Amino acid sequence: MKKIVLYALITLLFFVVTSFVIHKFYVSIYQINYAPEKKMVQITSRIFIDDLNAVLYKKYNKKTFLGESNESPDDIILMKKYILDNFSIKVNGLQKPIHYLSKEIETNVVICYFNIKDISKIKTLEVKNTVLLELNSEQQNIIQSTIYGKKQSLLLTEDNFSGMLK
């Protein structure tokens with residue numbers, strides 16, 4: 001009887017352990033803040049380095065080494081081009097140029113800093129974000145914003161890659 005119970009428990013444990021599938025999350029986060037005293041929109045993006053290197057290879061057929069010791073200035077230029085081609089903001093219905101400032105690496109994430117200058121007032125902010133969507137259909141780009149002290153969020157995906165913040 002003890003053997004039957006033991007075999008039953010081992011079998012049950014086997015099925016429980018093997019039923020879990022390792023699943024990678026495909027998420028990037030963008031923080032958008034409006035600084036009225038500076039008349040500036042400040043943007044911080046957090047993107048997994050391996051996903052960014054993979055999409056740059058897929059899009060431009062060039063191997064990049066972001067976050068590695070052999071990272072080149074060309075890798076950064078390509079990253080900047082890709083992000084700015086796939087991330088845009090309209091302020092009060094008008095497309096505004098986004099300026100890349102810098103980047104830093106934190107473990108396996110590249111953090112990029114951008115801004116939009118000369119914004120005296122915000123009524124609406126429309127965000128379009130297709131970053132990494134061609135790499136994985138499960139990609140989610142989370143937009144968090146603070147405008148005039150009001151916090152809002154958007155979840156942008158392949159089916160819904162733009163949204164409005166008011």
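Note that this is a predicted model, so its numbers are computed, not measured.
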Closest non-hydrogen atom pair, [X] against [Y]:
{"X": "L133", "Y": "E158", "result": "CD2-N, 3.7 Å"}
{"X": "R46", "Y": "I111", "result": "NH1-CD1, 3.0 Å"}
{"X": "S162", "Y": "K128", "result": "CB-CA, 3.9 Å"}
{"X": "N160", "Y": "L155", "result": "ND2-O, 3.8 Å"}

Can you tell me how far apart [atom1] ([X]) and [atom2] ([Y]) are? Round to the nearest 0.5 Å.
{"X": "Q140", "Y": "S28", "atom1": "CD", "atom2": "OG", "value": "9.5 Å"}
{"X": "I116", "Y": "I122", "atom1": "CD1", "atom2": "CD1", "value": "8.0 Å"}
{"X": "L154", "Y": "I142", "atom1": "CG", "atom2": "CD1", "value": "10.5 Å"}
{"X": "L125", "Y": "K166", "atom1": "CG", "atom2": "NZ", "value": "12.0 Å"}
{"X": "I47", "Y": "N141", "atom1": "CD1", "atom2": "CG", "value": "7.5 Å"}
{"X": "I49", "Y": "I105", "atom1": "CD1", "atom2": "CD1", "value": "4.0 Å"}

For residues 130-166, which residue pairs qualify under ring pair (Phe, Tyr, Trp, His ring centres under 6.0 Å), counting only residues two or more places apart or in two chains? Y34-Y148
Residue pairs passing the ring pair (Phe, Tyr, Trp, His ring centres under 6.0 Å) test with at least one member in residues 42-94, sequence neighbours excluded, are Y30-F87
D75 side chain to S72 side chain, donor-acceptor N/O pair below 3.5 angstrom: yes
Scan side-chain atoms only and decide if E104 and Y113 contain a donor-acceptor pair under the 3.5 Å cut-off. yes
Are [Y] and [X] connected in a single hydrophobic cluster, I mean Ile/Leu/Val/Met/Phe/Trp/Tyr linked by side-chain heavy atoms less than 4.5 Å apart?
{"X": "L66", "Y": "V109", "value": "no"}
{"X": "V55", "Y": "L84", "value": "yes"}
{"X": "L52", "Y": "I76", "value": "yes"}
{"X": "V131", "Y": "Y100", "value": "yes"}
{"X": "I98", "Y": "L132", "value": "yes"}

Donor-acceptor pair, distance only, cut-off 3.5 Å: does the side chain of K58 make one with the backbone of E134? yes
Distance-only, no hydrogens or angles: does the N115 side chain make a donor-acceptor pair with backbone N or O of K117 under 3.5 Å? no
Taking side chain as C-beta onward, heavy atoms only, is K39 less than 4.5 Å from D118? no
Check whether any side-chain heavy atom of K103 lies under 4.5 Å from a side-chain heavy atom of K80, and answer yes or no. no
Check I83, V41, I89 against F114 for a side-chain contact (heavy atoms from CB on, under 4.5 Å) and give me the one that passes. I83
Pair K62, L56 - check side-chain contact (heavy atoms from CB on, under 4.5 Å), show working. CA-CA 7 Å; K62 183 179 184 305; L56 293 176; over 6 Å; no
For K151, is the NZ atom crowded, meaning more than 12 foreign heavy atoms sit under 6.0 Å from it? no
Using the side-chain hydrogen bond (donor to acceptor under 3.5 Å, both in side chains) criterion, which residues pair with T64? Sequence neighbours excluded. N53
What verdict does the side-chain contact (heavy atoms from CB on, under 4.5 Å) test give for L135 and K59, after you've listed the backbone C-alpha separation in whole Å, the side-chain angles of each residue and the deciding distance to 0.1 Å? CA-CA 9 Å; L135 187 63; K59 178 89 173 176; over 6 Å; no
